[in-house]
Each structure stands twice: as structure tokens, then as C-alpha cells.
**Student:** 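Would you mind keeping the following structure in view while I ask a few things?
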Amino acid sequence: MSTLTIDRLTVGHGDGAPVLDGLSLEVPDGALVALLGANGAGKTTLLRALVGLLPARAGRVLLDGADLSALSTEDRVRRGLALVPEGRSVVVELTVAENLRLGALRQAGRPRRGPAVDAAVAEMYELFEPLARRRDAAGHTLSGGERQMLALARALVSRPDVLLLDEPSLGLAPLVVARLLGVLRDQAEATGLTVLLAEQNVTSALSVAERGVVLSLGEVVADRPAAELAADPALRHAYLGF
Amino acid sequence: MERLVFLLSTGLARGAVLALFALSLVIVYRAARAVNFAQAAMAVVPVYVALAVTSAGGSFWLGLAVALAVGALLGAVVERGLLRLVPQETPLPGIIVAVGLVMVLQAGLAMVFGPDHRPVHAPFSQRPFDVGGVSVLSPYDLFVLVVAAVVMGGLALLFSRTSLGLRLRAAAFAPETSRLLGVRVPRMVTLGWMLSSATAALAALLLVPTGLGLDPHAADVLFVNAFAAAVVGGLDSPVGALVAGLAVGVLVTLVTGYASAAAAPLAVLVLLTAVLLVRPHGLFATREARTA
Ligand SMILES: Nc1ncnc2c1ncn2[C@@H]1O[C@H](COP(=O)(O)OP(=O)(O)OP(=O)(O)O)[C@@H](O)[C@H]1O
Ligand SMILES: [Mg+2]
């Protein structure tokens, strides 16, 4: 639904050397792009900078050509950007239903009210039936897989234009990963959602993505169709370690 | 026996005020992860304003509405204008600023309104009802109980049933996740302060007719007892504030009635120590949730 443009972005932690130095990348409208790279390559750093949780030292982030750089995280989200952060982002004190409602309070950045909220939440229960069964359970009682499912559902229910995902497969069984990424791909196809998916799990990520971007030490070292990347053993050896 | 019934019923009414004040401490604790040590001084300011309104010819109800509005406004001003500017990594700077604020507010009130007690009349009779020869609650006590129940019920509905309440809770528990869902967290913190200080103002307003009257320190003992109740209840638990507030109110009234007023603070201290020995995080704390 929207094109995400990263224009010569420079980001670092504290006042150390920049992790990303002038990185440029475009994720076109409706694309599902996998962001690959070894541990410490800068994937999380990039995604957090895109939503404004980390300040950029230079460069711009554009959504359909509109510069987001000066906006706060909340305002970027209200423009249609969403991030499912690394690890367990479920609000553990709230129930499954409350977590989903919290996401459903916005639709593509605009407020959503009343019955529309309930309808949007119900749609997610259809998509993820384990969540429907545990709707009144507190977040801290969920398994790792259920939490990741909830985090994804909570992002999808807000109908973002661009969805950024940081390692949704972390710590999950292969079958659960396949299911989660399958739902993601189906939703992206059905709604025209633009997705940037950061993953260690290269095979799974490339099986749902159209394009793969490999990051190494903060630089884009490969940017190719997913099938081509998956079939290139030299590249896998050099940057992905298998 | 008659005496016990009377003390128990009066204790419940005192406890309702305590529970309201304890709830105000819980609300701000949940919103800002800090105990507001200036709550007593901040709660008295709106009561002075309400008294000025009623003595200028306004009704009790107008005074009540003005007190709530001034309380909420003061909460917003203190949070936005003062505490937001203080480093938040450790609690100490905030506590020091709060103590300073207490001094400024109490000295300021004494300068503007004078340091003396001002008698405050209750809007209803304080003479106890006579039920079959046994004195129980006064009409004013009844009024206090009803107001406290309505306000606490309303706050419970706000937090548990509305989308604003959901955002308030989420912002308090998980600020970063909330921002990622488009919640304006700083605004939620300010709203928490406003709700908290309006609730505290209401508690102080209900308290003053039952005591010596209004002076800049009128809510100090209320703060101490309510703080003890909030800690006993778990500090982040509204239910805990309610239960412990009522319990402390009844305890203080019983000890005052059967022993002496001087023994009441000691009894509260014993209760606090006993509960914290058995349950170091209070009776209703939701601590297990956020250690992961
Ligand atoms: N909070 C931080 N403070 C300082 N340096 C950091 C911080 N977070 C990450 N880094 C450094 O930034 C670099 C990139 O880290 P980042 O988390 O972006 O990698 P990643 O690609 O997400 O890795 P992983 O696959 O392990 O999650 C690493 O060298 C890391 O040590
Ligand atoms: Mg990472």
C-alpha cells in the first residue's frame, strides 16, 4: 500500500561508530522483502531507526515520498508504519484480547471505534485460532509461540501500510515458523501490505519473500530475488554462515 | 457492642476516604512508577479553592466541581512543568523535587490564606442515625461512602472497560510497545497525574469536615495512613488500595475509640510491618507479571 524508502541513513548507538553508514534501500509498494544478515549485522538497528526508536544521525526515511525523519515514533505509526520488535513485545499484564484491542484502536494510523474494533479483533481470532482459545488469558501465561503470534496479530489488526518484523521466528519450532510466515504472506497478498522481514532463519524467510537483502557490517552486500539468493551457495557461505 | 457497631460504621466511612486517597497514590504510581510525596499538599490546594467558592456564595456542589477541576489542573501542571524535567532514571531526584514542592505549596497556602484552622461545614448532618437505640453512621458518613463508591466504581470502569483506560494501562506497563501502537505515552502519563490528583483532592475535601478543619497540613495524616494502605495493598493494585484503605480506616477508628488517638499510628505501623513481613510486595501486587 506504500513504498518505504531509506535514503543514506546513518545510525549508531550512543556515540560509538555508526552501525549503519549511509544505507539506502527501497521496499516497493506491496513487496515482501527479507532482510538477512549474521548476528550483529545491524538488522535490529535499522528497523528501530525506521520507526524512530533510535535517532538517525543523517539521512531520511520516506513513506510514499513523505519524509518521516522529523516525526516521533507515535506519529510514524499514525502514518501507517508498524514494527513488531525483536523478542517478546506482548504487554504481559494485559490479556490476549486487550493486547489485540490495543492494536485495533487504529486502522492505517487513523482512530477506529466501537464495533469496528470488535470486528477487527474477531478477524484476527479467525486467522489465529490459538489466540481465540486463550483470549482471556494474561499475556505472561502465553507460550513463546503464542506470544509471537499475538505480536503479529496485534500488528496486522492495525492494518499498517508498511510492516517491519524483527525475527518473528526467534525461539520457535519450525512448524510454528512456517505457519506464522504463511499467514504473513497470505495477509500481505490479500491486503497489499508492504513487508520488511528481518530474519536469521534464511530458508524460511526466503521461502515467503520475493526479494532478499543481505546486510553485513551495516552495508547492503546483496540485493536479489529470493530464489536466486537461496540458490547461491557462495553468498550464503560468505555472509550467512551456512 | 453498641460502641463497636458505631466505631465500625464510622471506621468504614473514614476508610472510604483513605481508600480514595490510597487509590490516587496507586493511579500515579502506575502511571509514573513513582510515589507522589507531594500528594497531601497538592490535595489541600483545591480544597482551599473550593472553600473560597462556597464562602463566596457558591453551593457545596459547585465547590466540589471546582475542587476536582483544580486538582486535575494542578496534577497536569506539576507533571508537565516540574517532574517531567527531572531525571527519571532513579527515584531520588523526583522525591527531592516533591518534598520541595510540599514546602512551597504549604508555605504558599499559609501566606495566602493564613496558617490557622478554618472550620469547614459538612453539607449534611454529622449527627449519627439512631437505629434501634444504636448510633451508627451519620448522614455525612453515608454521603462519603456513596461518593467514594461511585468514584471508585467509575474509575474501575474507566480503566477496565474503555479504550482510554486500556491505553492508560498499556502506557504504564509497556511504554515502548505502546508507542509502537501509536499511543501518545507522555499524554497518558499526564492524564494519570490528573486523575490521581483530582481523586486526592476529592478525598481531602471529604475529609476536612470530619477533622479540625482546613489548614495547609490538613491532609498530612491522611497521606501517611493512605500511603501505608497503598503499600499494604501492593502499591500498584486498585483493589488492594480499596481493601487496605477500608481496613486501615476501621483499624484507626477502633484503636482511637478503645485505646487512644495516640496509639493509632502505632497500630498502622504494626499492620504495615506484619503484612510486609508475610508478603513483601503487598497483598495484591501484580509483581510476577513484569519480571520476565
Ligand atoms: N544498545 C546498544 N548499544 C550499543 N551497541 C549496540 C546496541 N545494540 C546493538 N549494538 C551493536 O550494533 C550492532 C548491530 O546490532 P543489531 O542488534 O542491529 O544486529 P542484528 O543484525 O539485529 O543482530 P541479531 O541477528 O543478533 O539480532 C552490533 O555490533 C551490536 O553490538
Ligand atoms: Mg536483531
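Note on naming: letters A, B, ... go to the chains in the order of the sequence lines (proteins, then strands), and numbering restarts at 1 for each one.
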**Student:** So which part of Ser158(A) gets closer than 4.5 Å to some heavy atom of chain B, the side chain, the backbone, both or neither?
**Tutor:**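 Contact with chain B: none, neither part.
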**Student:** So which part of Arg106(A) gets closer than 4.5 Å to some heavy atom of chain B, the side chain, the backbone, both or neither?
**Tutor:**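 Just the side chain, heavy atoms under 4.5 Å.
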**Student:** Side chains of Arg154(A) and Ser89(A): is there a donor and an acceptor less than 3.5 Å apart?
**Tutor:**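 Per modelled atom types, Arg154(A) and Ser89(A) side chains form a pair under 3.5 Å.
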**Student:** Check each atom of Pro175(B) against the heavy atoms of chain A and say whether the ones under 4.5 Å are side chain, backbone, both or neither.
**Tutor:**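 The answer is neither part of Pro175(B).
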**Student:** Tell me, for Leu81(A) versus chain B, whether the close heavy atoms (under 4.5 Å) come from the side chain, the backbone, both or neither.
**Tutor:**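 Neither the backbone nor the side chain of Leu81(A) comes within 4.5 Å of chain B.
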**Student:** Can you find a side-chain donor-acceptor pair between Thr95(A) and Asp136(A) that sits under 3.5 Å?
**Tutor:**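 No pair is found: no donor N or O on one side chain lies under 3.5 Å from an acceptor on the other.
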**Student:** Identify which part of Ser163(B) has an atom lying under 4.5 Å from any heavy atom of chain A, answering side chain, backbone, both or neither.
**Tutor:**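 Contact with chain A is through both the backbone and side chain of Ser163(B).
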**Student:** Heavy-atom distances under 4.5 Å only: say whether Leu105(A) touches chain B with side chain, backbone, both or neither.
**Tutor:**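 Answer is side chain: those atoms of Leu105(A) sit under 4.5 Å from chain B.
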**Student:** Do the side-chain N and O atoms of Ser24(B) and Gln39(B) include a donor-acceptor pair separated by under 3.5 angstrom?
**Tutor:**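 There is such a pair (donor and acceptor under 3.5 Å, judged by atom type) between the side chains of Ser24(B) and Gln39(B).
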**Student:** May I ask you to check whether Phe37(B) and Phe227(B) place their ring centres under 6.0 Å from each other?
**Tutor:**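 Centroid distance Phe227(B)-Phe37(B): below 6.0 Å, so yes.
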**Student:** Is Glu98(A) salt-bridged to Arg169(B), going by a charged N under 4.0 Å from an acidic O?
**Tutor:**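 Salt bridge flag = yes for Arg169(B) with Glu98(A).
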**Student:** Starting at CG of Leu195(B), measure out to OG1 of Thr190(B) and round the result to the nearest 0.5 Å.
**Tutor:**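 Those atoms lie 11.0 Å apart.
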**Student:** Counting only non-hydrogen atoms closer than 4.5 Å, does Leu83(A) touch chain B with its backbone (N, CA, C, O), its side chain (CB onward), both, or neither?
**Tutor:**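 The answer is both parts of Leu83(A).
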**Student:** Enter the distance from Asn225(B):CG to Asp220(B):CG here, rounded to the nearest 0.5 Å.
**Tutor:**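 Atom-to-atom, Asn225(B):CG and Asp220(B):CG are 11.5 Å apart.
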**Student:** Is Arg179(B) in contact with chain A via its backbone, its side chain, both, or neither, using a 4.5 Å heavy-atom distance?
**Tutor:**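 The answer is both parts of Arg179(B).
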**Student:** Is it the backbone or the side chain of Arg112(A) that comes under 4.5 Å from a heavy atom of chain B, or both, or neither?
**Tutor:**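 When you check distances to chain B, no heavy atom of Arg112(A) falls under 4.5 Å.
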